[in-house]
Protein chains: 2
Amino acid sequence: MSRAALAALAVKDVPMRTTNVHDQVLRAALDLFATQGYATTSVQEIVAAAGVTKGAMYHYFASKDDLLFAIYERMLSLQKARLDQLVAAGAERGDAVEDVLRAVCEDVVTTSIELLAEGTVYTRSQHMLAPERQAEVKRRRRAYHDDFQALLERGIEEGVFRDDVPPAVLIAHFFSDVHYLPQWYSPAGPETTAELAEQLTELFLRGIRAEPSATKPSGGKAK
Amino acid sequence: MSRAALAALAVKDVPMRTTNVHDQVLRAALDLFATQGYATTSVQEIVAAAGVTKGAMYHYFASKDDLLFAIYERMLSLQKARLDQLVAAGAERGDAVEDVLRAVCEDVVTTSIELLAEGTVYTRSQHMLAPERQAEVKRRRRAYHDDFQALLERGIEEGVFRDDVPPAVLIAHFFSDVHYLPQWYSPAGPETTAELAEQLTELFLRGIRAEPSATKPSGGKAK
DNA sequence: ATCGACATACCGTCTGGTCGGTTTGCACGA
DNA sequence: TCGTGCAAACCGACCAGACGGTATGTCGAT
């Protein structure tokens with residue numbers, strides 16, 4: 001059931017509204033922002049690429065900034081929903097922390113590859129957002145990290161993850177991989193998305209696992 | 001000796017020319033580009049912050065783009081020089097691959113923290129460079145990665161690093177940490193730079209080491 | 001007749017870059 | 001020591017154009 005629910009959260013299903021213009025403009029903006037950057041893309045270019053007029057665009061969006069924020073909003077909502085979904089499913093099944101974390105990490109990588117253009121924009125253009133919007137993005141990302149951190153801390157308490165590195169560093173270590181994807185990953189490359197997600201997740205997990213030596217007396221829960 | 005040579009490559013020693021104006025303008029540009037972004041910073045702002053006039057600036061720099069490229073140039077030269085230095089020193093001493101790699105990684109992290117502003121600009125503004133300049137940056141970074149990859153491949157051949165993940169993925173896994181630093185690291189944070197460099201390097205190395213099981217018959221070289 | 005969905009023409013602002021001119025630093029001959 | 005010449009350093013007013021955004025109008029559906 002939860003698996004089906006997760007599948008229902010596929011990228012394409014997150015609404016870009018039903019209006020055609022809204023849709024088209026946002027798609028064109030995402031594409032242009034990702035390839036040319038926000039500042040170097042004019043509203044004229046966007047509406048031309050979308051096949052609409054400036055009047056139409058400004059009927060649906062308050063400003064160019066609004067257009068940019070819509071891209072962030074969509075991405076943040078989607079990723080947060082998937083994370084919540086996976087954590088809830090893991091809790092329901094009583095999965096071991098490491099299994100939940102592995103599922104989460106692989107999902108984040110996979111989703112980030114599907115949202116490669118959004119990822120490019122996210123990294124490059126965050127500082128172009130209006131200050132209040134920037135704060136909103138930070139707030140949302142913070143909320144996301146908190147959920148992720150809770151997972152890590154549970155693992156640390158259970159003794160399966162190392163406790164000699166601050167959780168903040170562990171988080172940065174993982175999300176660096178995710179945020180770096182748009183800068184090197186090419187769909188034309190040799191690996192499949194799933195393989196890459198597995199590999200990156202494995203590298204991360206291997207790095208953060210507690211040393212097998214000096215196991216605590218607390219009962220280890222086998223898978 | 002090589003240690004002294006490395007120390008001689010400190011950040012501050014890389015020339016920003018001796019002319020005061022050149023110096024001042026570049027510093028102001030770096031600062032503003034890092035905080036506001038390239039496109040949203042006007043030449044007027046830069047020269048005002050540097051305390052010079054536009055005429056003076058255009059006497060030393062051909063264009064705004066030139067200003068941006070100078071920042072990249074400086075950073076790339078410095079990092080490449082340090083990498084070469086460390087690899088050469090390791091070869092001279094006959095160090096084990098893992099020790100050389102550890103030294104390199106820690107140095108990259110440390111240097112990247114010293115060049116935090118440059119790192120911010122690097123990630124955000126690469127697409128604003130003139131196409132030829134963009135290609136030049138890519139070329140330089142490629143050269144850097146090739147040296148790094150040689151190190152990894154030597155380790156893989158010797159059996160100390162895992163061979164079930166492509167080197168390209170291993171490289172991305174490490175440099176993601178480096179490139180992500182400007183987005184989360186704060187000098188006001190709890191860890192010292194050296195600690196953080198050690199931690200990130202350790203996480204990386206732990207991830208890429210070959211499994212201790214199934215050791216190859218080739219003689220393992222103990223440290 | 002009212003309203004949402006657009007189209008079109010237009011505006012004020014700001015930008016990167018230029019250019020003619022002036023000042024400064026300095027070698028050199030008398 | 002002083003003038004002289006000359007190039008490099010520097011000034012700042014100016015420009016052409018592009019940009020985000022708006023005001024006003026049209027049109028079909030209800």
Side-chain angles (χ1 to χ4, degrees), chain A residues 15-72 121 124-134, chain B residues 15-72 121 124-134:
Chain A
M16 274 205 186
R17 299 289 167 78
T18 46
T19 320
N20 216 350
V21 173
H22 187 103
D23 212 32
Q24 223 97 26
V25 169
L26 214 48
R27 240 188 275 275
L30 170 61
D31 194 52
L32 289 168
F33 290 167
T35 57
Q36 309 183 352
Y38 174 79
T40 37
T41 301
S42 71
V43 175
Q44 293 283 6
E45 278 180 283
I46 297 170
V47 298
V52 304
T53 63
K54 221 156 56 149
M57 189 228 110
Y58 272 99
H59 182 74
Y60 289 99
F61 298 93
S63 63
K64 192 188 175 189
D65 188 274
D66 211 36
L67 219 43
L68 181 58
F69 184 70
I71 294 171
Y72 281 86
V121 174
R124 280 187 186 161
S125 309
Q126 204 170 346
H127 60 294
M128 310 296 273
L129 279 172
E132 54 158 326
R133 251 96 187 253
Q134 236 168 306
Chain B
M16 272 206 185
R17 299 289 166 78
T18 46
T19 319
N20 215 351
V21 174
H22 187 102
D23 212 31
Q24 224 97 27
V25 169
L26 214 48
R27 241 188 274 276
L30 171 61
D31 193 51
L32 288 167
F33 290 167
T35 57
Q36 308 182 353
Y38 174 79
T40 36
T41 300
S42 71
V43 175
Q44 293 283 6
E45 278 180 282
I46 296 171
V47 298
V52 303
T53 63
K54 217 151 68 146
M57 188 226 110
Y58 272 100
H59 181 72
Y60 290 98
F61 299 93
S63 63
K64 192 186 176 189
D65 187 274
D66 212 34
L67 219 45
L68 180 58
F69 184 69
I71 294 171
Y72 282 85
V121 174
R124 280 186 185 162
S125 308
Q126 205 169 347
H127 60 294
M128 310 297 272
L129 279 172
E132 53 157 330
R133 251 96 187 253
Q134 235 168 306

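The basis for the numbers below is simple: all heavy atoms, side chains too, and nothing from hydrogens, waters or symmetry mates. A, B, ... follow the sequence lines: proteins, then strands. Residue 1 opens every chain.
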Cationic tip of A:K64 within the cone over A:Y58's six-membered ring, i.e. under 6.0 Å and within 45° of the normal?
-> no

Would you mind reading off the distance between B:M57 atom CE and D:dA9 atom P, rounded to a whole angstrom?
-> 15 Å

Okay, side chain of A:S125, backbone of A:M128: is any donor-acceptor separation there less than 3.5 Å?
-> no

Quick check: does any side chain N or O of B:D66 sit under 3.5 Å from a backbone N or O of B:F61, one acting as donor and the other as acceptor?
-> no

B:H22 NE2 to D:dA8 P, in whole Å, measures 17 Å

State whether A:H59 places a side-chain N or O below 4.0 Å from either non-bridging phosphate oxygen (OP1 or OP2) of C:dA5.
-> yes

Any B:Y60 side-chain N or O less than 4.0 Å from OP1/OP2 of D:dC10 = yes

Report yes or no: does B:K54 contribute a side-chain atom to a donor-acceptor pair with the main-chain N or O of B:A48 at less than 3.5 Å?
-> no

Separation of A:D66 atom CG from D:dG20 atom P, in whole Å?
-> 14 Å

Per-residue pairing states of DNA chain D in dot-bracket (Watson-Crick or G-U under 3.5 Å; . unpaired, | other strand) read ||||||||||||||||||||||||||||||

Spacing of B:Q24 atom CD relative to D:dA9 atom P, expressed in whole Å | 16 Å

Backbone N/O of B:R133 and side chain of B:Y72: donor-acceptor pair under 3.5 Å | no

Show the numbers, then the answer: is there a salt bridge (charged side-chain N to carboxylate O under 4.0 Å, His left out) between B:D31 and B:R27?
-> CA-CA 6 Å; B:D31 193 51; B:R27 241 188 274 276; over 6 Å; no

Is the closest side-chain heavy-atom distance between A:F33 and A:T40 below 4.5 Å?
-> no

Indicate for each nucleotide in nucleotides 7-26 of chain C, in 5' to 3' sequence, whether protein heavy atoms under 4.0 Å reach the base (B), only the sugar-phosphate (S), or nothing (-).
-> BB------SBBB--------

So, A:E45 side chain and A:S42 main chain: donor-acceptor pair closer than 3.5 Å or not?
-> yes

